[in-house]
S.K.: 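Structure in structure tokens, see below.
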Amino acid sequence: MGKYIIAGNWKMNKLPSETYAFVKEIAAATEGAQCEVVCCTPFVCLSEAVKAAEGTHVKIGAENLHFEDKGAYTGEVSADMLVDLKVDYVIIGHSERRQYFAETDETVNLKIKKALAKGLIPIVCVGESLEQREAGVTMELITGQIEKAFDGITAADAEKVVVAYEPIWAIGTGKTATADQAEEVCAGIRAVLAKLYSDSSAKKVTIQYGGSMNAGNAQELLSKPDIDGGLIGGASLKSADFATIVAAAK
Ligand code: 13P
């Protein structure tokens, strides 16, 4: 299906002073990777991360951006700033940002459009809460998130977007979705994209699973036809674990 991408989401971990050596460690540990390898780091680590990744196969991503070009938005970071740093990817709409920082489907859509307009690759996160899963509304909820995220985006641009299915109840909890549960939703996401665009466009989109993916369960999850990679939190902070996940993606 889509290109295989394993991306680490460091979240609010690692110091700028630790970043250069850690990205070098990741690059060495994942040498010969048969998938795209991405480290998404805090804003303040990006410049060191890009320096360390230069000349290696590792790509660097941010964890957020603002949807305006510039101006009076104290504390925010624009797409141009990320491009200027030579960042390639940006995570958009992570559930932690939706939950704690008032991210909405509307701001997610604006951010995706801005990222695409500036040549950044958006990694767009969708996922249901435990209550929503138990209420049986998972696919309905995710269909809505995908439709709103891709609103006004052309097929050519949509094919560049990476979608990460991250069930909120599986994030940082050690409770992974089973491979079948993850595949069901990832296939559902591809079906929504096929309806919005076409089968051929939907097949080009990389759909990742995220949520307690680790060295032990990555292989089974990644063997599913509609799971084209992973968005890794905790296990991306240990190079050996991250490298095992990368090795499982081929
Ligand atoms: P964990 O891998 O720590 O569960 O985090 C997943 C995640 O939120 C990645 O964006």
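Side chains included, hydrogens not; waters and symmetry mates left out as well; all remaining heavy atoms used. Each ligand, and each atom within it, is numbered from 1 in the order the structure gives.
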S.K.: State if Ala170 counts as touching ligand 1 under the rule of any non-hydrogen atom under 4.0 Å.
M.R.: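 Heavy atoms of Ala170 do come under 4.0 Å of ligand 1.
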S.K.: What atoms in ligand 1 come closer than 4.0 Å to a heavy atom of Gly233?
M.R.: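 Listed by number with element: 1 (P), 2 (O), 3 (O), 5 (O), 6 (C), 9 (C).
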S.K.: Have a look at ligand 1 and work out which part of Asn9, if any, has a heavy atom under 4.0 Å from it: side chain, backbone, both or neither.
M.R.: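 Only the side chain of Asn9 comes within reach of ligand 1.
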S.K.: Counting only heavy atoms not in Lys238, do more than 12 fall under 6.0 Å of its NZ?
M.R.: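 No, the 6.0 Å shell around NZ holds no more than 12 heavy atoms from other groups.
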S.K.: Of Ala235, Ser236, Cys125, Ser212, which has the heavy atom at the shortest distance from atom 1 (P) of ligand 1?
M.R.: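 Nearest heavy atom to atom 1 (P) of ligand 1 lies in Ser212.
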S.K.: Do Glu63 and His94 pass the side-chain hydrogen bond (donor to acceptor under 3.5 Å, both in side chains) test, and can you show the C-alpha distance, the side-chain angles, and the key distance before you say yes or no?
M.R.: CA-CA 8 Å; Glu63 298 175 14; His94 193 282; over 6 Å; no
S.K.: For the residue pair Phe22 and Trp10, does the interplanar ring angle fall in the parallel (under 30°), tilted (30 to 60°) or perpendicular (over 60°) class?
M.R.: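 Plane angle over 60°, so perpendicular.
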S.K.: Assess whether atom CD of Glu220 is packed by more than 12 heavy atoms of other residues, nucleotides or ligands within 6.0 Å.
M.R.: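 It does not: Glu220 CD has 12 such atoms or fewer within range.
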S.K.: Could you identify the single nearest non-hydrogen protein atom to atom 5 (O) of ligand 1 and state the distance to 0.1 Å?
M.R.: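 Protein heavy atom at minimum distance: Lys11 NZ, 3.3 Å.
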S.K.: Taking CD in Gln132 as the centre, count heavy atoms belonging to other residues, nucleotides or ligands within less than 6.0 Å. Is the count above 12?
M.R.: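 Yes, CD of Gln132 has more than 12 neighbouring heavy atoms, counting only those of other groups under 6.0 Å.
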S.K.: Where the closest heavy atom to atom 10 (O) of ligand 1 is concerned, which of Lys175, Glu63, Glu166 has it?
M.R.: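 Looking at heavy atoms only, the winner is Glu166.
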S.K.: For the pair Asp69 and Lys118, evaluate side-chain contact (heavy atoms from CB on, under 4.5 Å) and give the outcome as yes or no after the intermediate values.
M.R.: CA-CA 10 Å; Asp69 274 332; Lys118 300 291 182 174; 3.3 Å; yes
S.K.: Are any of the N or O atoms of Gly172 closer than 3.5 Å to those of ligand 1?
M.R.: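 In this structure, Gly172 places an N or O atom under 3.5 Å from an N or O of ligand 1.
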S.K.: Would you say Gly234 and ligand 1 have an N/O pair spaced under 3.5 Å apart?
M.R.: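 Yes, at least one N or O pair falls under 3.5 Å.
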